[in-house]
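Report on the following structure.
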Amino acid sequence: MTPMKWFYSFIKPYRPRIFLGLVLVTFLAALAIINPVVSGHVVDDVISGGQYEKLPMLVGILLLVTAARSVLRFFVPYNFEICSQGVLYKMRDAVYRKLLLEDFAFYNRNRTGDLMSRQTGDMDAIRHFVANIIYSIYENVLYFCFALVMVFTINTRLALCMLCILPFTVFFTISQFRRVKPAFHNIRNRFSSLNAFVQENISGNRVVKAFAKEDFEKEKFDRENDAYRDAELGAAAIWSKYVPIFEFFSNILTVVLILLGGLMAIQGELSLGSLVTVNGYLWMLNNPLRMAGWFINDVQRFITSVEKIYATFSEEPHVFLPDNAVEKKHLKGSVEFRHVSYQAEDAQDVDIIRDISFSVKPGQTVGILGPTGSGKSTIMNLLCRFYDVTDGEVLVDGVNVKDMDLYDLRDNIGMAMQDVFLFSDTIEGNIAYGRPDCPFEKVKKAAIAADANHFIQAMPDGYDTIVGERGVGLSGGQKQRISLARALLKDPAILILDDTTSAVDMETESYIQKQLKNLEGAHTIFIIAYRISSLKDADQILVLDHGRIAERGTHQELLKKDGYYARVFEHQYHTDAKAAAEAYERAAAQTAAANEGSQSAAVAAGREGR
């Protein structure tokens, strides 16, 4: 599908209304040919002919035509504005829905500011075209054609002389159309770049101020602003060269009328009233020529905007809902990775993770540890199917995630992401984002489990406190706990905690760990963390290094291996890993012996009682 065919699909439902509008414009243009004729009769019949009784009727006709044109002047723009708003509404809705369906890779490629400019500036250019330019071009073409026909009926030789300038006008119109197109493409690109820059700086204003880089950012903004200004001036320089040309040819019509028409009137070939009538049509011939350059600019802006929006809209996501997808409203939570590898689009044949294999039973807890860039978050992204694997399979409840209904899969996964994002909403609204219809008691229960209830209630409006954009006004730890509460409230079969407690103190982390153990129902939990304290109680711990599983096992098993896990433990606890492992074993043995002794004593006591 071409961009114009795509645009036509939105305007198609409004064809009846557009047709009605063009009919009204036709009447508007047709009425415009009446007044010059009436003016000619006033000169010939009333002033020159002395038929004064005709004057009231002619003046009445002038007034009626003027009134009718005024009424049409109200309905025509209003009708097309209705069409433009309808087209814009549906187009904006379609583009936004498509943006929601795009995968993570799409947003990695496109800047937020560029996408925003598509939904604002480019959309407005389309609205302007539908609301004003469609009927204006049609109206001016009708004016020119009707006026030319009327001049032909009055005097053929005068009309032919006026028509001689038309080929020149067509030539320069085509020339401007070709030259101005790349200039408007450059304008839209520069505007998108400027928009993206401003958006990034507003979002990152705290970093700018923290590093005192205001002057540096001003210089960068000036460069972007200068580039956008130069692009606009470049386009203006192109069409400004053509405006005087069109103005020249429109004025030539006046010269032709005065010289040739005046000479014909002197020689008696043309009455004075006819000359007045032709002069009345002069604006209908002049105006289209004057407006030709402006129309070309507006049409090119429209075409460029449609192409830009369609280029974004037509990008198909790599992750899509499969045909005949397996629907599972409630998952048990078993997870298996089979020889999974993943390579990003721009990774140049370098795998982010390679040959990852592990399995998790429902209700188990898995800890994932590794240096920065080792692929920890990537594994979770593949589990949620934010990306598709390059090789291998990811299975949930024995079904490949590529074959599952995407919404069922993600609805059964609760994720507290590494990069916490909070909406500009109440705290309750943020926590209940995944379950907006749940009662307040459940929201509060989730907040208690995430150790967030106490600081929320300490706020002036409690759970009704409005959180600023991206959680401005909350500390890092507070945002993390709200994010955790949001994930817990979903009561998911699979819970992913991606470095969720990195910004909280050890006491809070210990409380959250206890709450996770006491969650109702079976939850498969994945914990990504750098703290050993967050992982040590996991049923299975995976240690990643350069995209591979370097170590796996329980806390005690990994301490004995003297690998990366043991080194991290020694660094964090300042204790020898092997000695700690032996101590854990002795403590476990003592606990087991004590439990066995208690059971034996209970059995003996039972026998004595009998």
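By the 30° and 60° cut-offs, the orientation of the rings of F74 relative to Y78 is parallel.
A ring-centre distance under 6.0 Å is found for F421 and F423.
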Chi angles and distances behind the side chain to side chain contact (heavy atoms under 4.5 Å, CB included) call for V198, F221: CA-CA 8 Å; V198 173; F221 175 79; 3.8 Å; yes

D425/V467 under side chain to side chain contact (heavy atoms under 4.5 Å, CB included): CA gap, chis, key distance, verdict | CA-CA 6 Å; D425 193 2; V467 177; over 6 Å; no

List the steps, then state whether side chain to side chain contact (heavy atoms under 4.5 Å, CB included) holds for Y135 with V76. CA-CA 8 Å; Y135 83 83; V76 168; 3.7 Å; yes

Q.
Determine whether Y14 and S84 satisfy the following criterion, side-chain hydrogen bond (donor to acceptor under 3.5 Å, both in side chains), listing intermediate values before the conclusion.
A. CA-CA 9 Å; Y14 295 92; S84 71; over 6 Å; no

- [ ] I would like to know whether V38 and V65 meet side chain to side chain contact (heavy atoms under 4.5 Å, CB included); could you show each step before the answer?
- [x] CA-CA 10 Å; V38 174; V65 169; over 6 Å; no

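Of all non-hydrogen atoms in D408 and E327, the two that sit nearest each other are OD2-CA, 3.4 Å. Taking all atoms of both residues into account, the shortest heavy-atom contact from M284 to A29 is CE-O, 4.3 Å. The minimum heavy-atom distance linking S271 with D44 is given by the pair OG-OD2, 3.0 Å. For the pair I154 and S274, the tightest heavy-atom approach, listed with the atom from each and the gap, is CG2-CB, 3.8 Å. Between R301 and A125, the closest heavy-atom pair is O-CB, 4.2 Å. Across all non-hydrogen atoms, the minimal contact from S305 to D122 is OG-OD1, 3.1 Å.
Remark: R410 does not engage D405 in a salt bridge, criterion side-chain N to carboxylate O under 4.0 Å. Salt-bridge annotation for R229 and D226: present, with a side-chain N of the basic residue lying under 4.0 Å from a carboxylate O of the acidic one. The pair E139-R69 fails the salt-bridge criterion, with no side-chain N (NZ, NE, NH1 or NH2) lying under 4.0 Å from an Asp/Glu carboxylate O.
One distance of note links CG of N35 with OH of Y281; it measures 9.0 Å at 0.5 Å rounding. A distance of 10.5 Å separates CD1 in I466 from CD in E428, rounded to the nearest 0.5 Å. To the nearest 0.5 Å, the span separating CG on D45 from OH on Y52 amounts to 12.0 Å. Annotation: the span from T66 atom OG1 to I61 atom CD1 amounts to 11.5 Å, rounded to 0.5 Å. Distance check: K442 NZ to R435 CZ gives 9.5 Å after rounding to the nearest 0.5 Å. For the atom pair OH (Y143) and CG (L285), the distance works out to 12.5 Å, reported to the nearest 0.5 Å.
Other residues, nucleotides and ligands contribute over 12 non-hydrogen atoms within 6.0 Å of the CZ atom of F386. By the neighbour-count criterion of 12 heavy atoms within 6.0 Å, atom CG of D93 is densely surrounded, having more than that number from other residues, nucleotides or ligands. With a 6.0 Å radius and a threshold of 12 heavy atoms from other residues, nucleotides or ligands, M116 has its CE atom at or below the threshold. Summarising the local packing, CZ of F75 is surrounded by 12 or fewer heavy atoms from other residues, nucleotides or ligands at distances under 6.0 Å. Annotation for F168: atom CZ does not count as buried by contact number, only 12 or fewer foreign heavy atoms lying within 6.0 Å.
At distances below 3.5 Å, at least one donor-acceptor pair connects side-chain atoms of N201 with backbone N or O atoms of F197. Panel note: side chain N79, backbone I18; no donor-acceptor pair is recorded below 3.5 Å. Side-chain N or O atoms of S39 include none that pairs as donor or acceptor with a backbone N or O of T277 at under 3.5 Å.
Considering only heavy atoms from C-beta on, Y107 comes within 4.5 Å of L115 through its side chain. When side chains are defined from C-beta on, H41 does not count as touching V46, because their heavy atoms never get closer than 4.5 Å. Side chains of F7 and M91 form a contact here, defined as non-hydrogen atoms less than 4.5 Å apart. In this structure the side chain of I456 reaches within 4.5 angstrom of the side chain of I431, judged on heavy atoms. Residues I126 and V306 have side chains in contact (heavy-atom distance under 4.5 Å, counting atoms from C-beta outward). Contact annotation: the side chain of V276 never approaches that of I47 to less than 4.5 Å [non-hydrogen atoms, C-beta and beyond]. The closest side-chain heavy-atom distance from M291 to S136 is not below 4.5 Å. When side chains are defined from C-beta on, D461 does not count as touching T426, because their heavy atoms never get closer than 4.5 Å.
For the pair K98 and F313, the cation sits on the ring face: its NZ or CZ lies under 6.0 Å from the ring centre, inside 45° of the axis.
Scored by the side chain to side chain donor-acceptor pair (under 3.5 Å) test, D388 finds R385 as partners (sequence neighbours excluded). In terms of the side chain to side chain donor-acceptor pair (under 3.5 Å) criterion, residue partners of D124 (sequence neighbours excluded) are, by chain and number, R127.
Judged purely by distance below 3.5 Å, without hydrogens or angles, the side chains of Y228 and E232 pair a donor atom with an acceptor atom. Y310 and T2 share no donor-acceptor pair across their side chains, judged by distance under 3.5 Å alone.
Under the side chain to side chain contact (heavy atoms under 4.5 Å, CB included) rule, F129 has a single partner from D298, I134, I303, which is I134.
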